[in-house]
Amino acid sequence: MVCLDPLAWLREGLVTNPGMFVLGQPGTGKSTLVKRLVTGAVATGTTPIILGDTKPDYTRLVDYLGGQVIRVGRGVDRINPLDAGPLDQARRRLSGADAETLRWEVRSRRLSLLLALATLVRESRITNAEEVVLGRAIDLLDDRLDHAPTIPDVLHILEQGPDELRSATRTDTGTAYRAQTRDLVFTLDLLISGSLAGVFDDATTHPLNLDAPAISVDISRVRAAGDKLLTAAMLCTWAYAFGMVDAATALADLHAAPRRSYLGVMDELWRALRGAPGLVEHADALTRLNRAKGMASIMITHSLADLDALATEEDRAKAKGFADRSAITVLAGLPPRELTRVHEITPLTGPEQHLVTSWSAPDSWQPGARHPGRGKYLIKTGERLGIPVELSLVGPEADLYDTDQAIRATP
């Protein structure tokens, strides 16, 4: 029996951080392993948060566990990218220096996500001048509104061009102001029209429930609209969920709520990072301080070669840092060329490499043969010898963890 819990391993001093990186070919059972970890987390009082379920792989399990499922897409649920959720609620309950600290945190998160989304639709970075204007617009809306601002609110105030925004653009006339902000106005309009219409252009319809035993944000309906909308949905989901975790931590520090622990699952990680230059930096800022928040994270991908699809060398270096910073690496079946790259991050002995390689492909053409790597994993932490494990499903797990039902159902 092997008991794997990143937070428990951290508390016992077995690892230095609760980050986990899961790597393996399709069909080897990566999501099955993570679902077992999600189930165990619920059983031990940790709240799993599926940060953007794209297939969806986790919806049935979260429903079964009595958790909350939010289905994002046109005609179903919306996420307001500027909704700080419980973090803003916590801010409004405080006063003095504590309230001011959280106010700046809320502002920073709103501006950071808005910049990331604008970068995504523009496919290039926002200028320094445009960032200044957006920051001032968010400040004005925060002063004027008694609710979370929306992207249409930001667009409207930019088009109005009040004196505070003209001052921020260093312009003296309305004509000069409109010329200075023209590109930014069209970029914001793209966020609430075109392929993104109906998803991020209004208030959040179903806030995350802090008391739910598990949470899944199902963005599978967005997938059909293309990578740009899917990336936007994942970025919004990450920001909103991490804001919820920060709020819970802030309230617990003030003894206004119980201390909670969380398990964040980030599947198909690279799909969200390759949308535009600079998005890796945004994701890095969101995830870097998980240890201080009482939050474990699981990042899942098929291959480190996915790094090569990122736009710049700077992005590729930062994305590699996700794997570097994860104290626990779990390897499913992988070919030799992939293990060469893994070895640069997580040292592997010769026998370990041979074992993982032996799980990578069937050795015969016999129909119906079980993949040799199905349910087999190597758990690595630092320089220690890896722990090879085989996962055996029990009870309803065989049904709840099954990701091939749609394929078998096809006539």
Side-chain ion pair, [X] and [Y], N-O less than 4.0 Å:
{"X": "Asp211", "Y": "Arg260", "value": "yes"}
{"X": "Glu100", "Y": "Arg103", "value": "yes"}
{"X": "Lys30", "Y": "Asp267", "value": "no"}
{"X": "Arg60", "Y": "Asp399", "value": "yes"}
{"X": "Arg122", "Y": "Glu130", "value": "yes"}
{"X": "Arg36", "Y": "Glu397", "value": "yes"}

| field | All pairs passing salt bridge (charged side-chain N to carboxylate O under 4.0 Å, His left out) where residues 343-358 contributes a residue, at least two apart | value | Glu352-Lys380
| message | For Val265, run the side chain to side chain contact (heavy atoms under 4.5 Å, CB included) check against Asp57, Val38, Asp53 and tell me which one passes. | response |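 The side chain to side chain contact (heavy atoms under 4.5 Å, CB included) with Val265 is passed solely by Val38 among Asp57, Val38, Asp53.
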| Taking only residues two or more places apart in sequence or in another chain, which ones pass side chain to side chain donor-acceptor pair (under 3.5 Å) with Gln353? |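 If we apply the side chain to side chain donor-acceptor pair (under 3.5 Å) test to Gln353, skipping adjacent residues, there are no hits.
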| query | Taking only residues two or more places apart in sequence or in another chain, which ones pass side chain to side chain donor-acceptor pair (under 3.5 Å) with His343? | reply |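 By the side chain to side chain donor-acceptor pair (under 3.5 Å) rule, His343 matches no residue at all.
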| query | Is there a donor-acceptor contact under 3.5 Å from the side chain of Asn80 to the main chain of Pro149? | reply |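 Confirmed, Asn80 side chain pairs with Pro149 backbone.
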| message | For the backbone of Leu51 and the side chain of Trp238, can you confirm whether one donor and one acceptor N or O come within less than 3.5 Å of each other? | response |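 Yes, the answer is positive, given that a donor and an acceptor are paired below the 3.5 Å cut-off.
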| task | Please test Asp63 against Arg71 for salt bridge (charged side-chain N to carboxylate O under 4.0 Å, His left out), starting from the C-alpha separation and ending with a verdict. | result | CA-CA 12 Å; Asp63 274 335; Arg71 294 171 172 84; 3.6 Å; yes
| task | Starting from the C-alpha separation in whole Å, work towards a yes-or-no answer on side chain to side chain donor-acceptor pair (under 3.5 Å) for Ser216 and Asp218. | result | CA-CA 6 Å; Ser216 176; Asp218 179 349; over 6 Å; no
| request: Kindly indicate whether the side chain of Pro335, heavy atoms from C-beta on, has any atom under 4.5 Å from the side chain of Thr357. | output: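 They are not in side-chain contact.
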| Could you walk me through whether Arg107 and Asp142 pass the salt bridge (charged side-chain N to carboxylate O under 4.0 Å, His left out) check? | CA-CA 9 Å; Arg107 180 192 189 274; Asp142 193 41; over 6 Å; no
| field | Inter-residue atom distance Thr46.OG1 - Leu7.CG, 0.5 Å rounding | value |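 The CG atom of Leu7 is 5.5 Å from OG1 of Thr46, to the nearest 0.5 Å.
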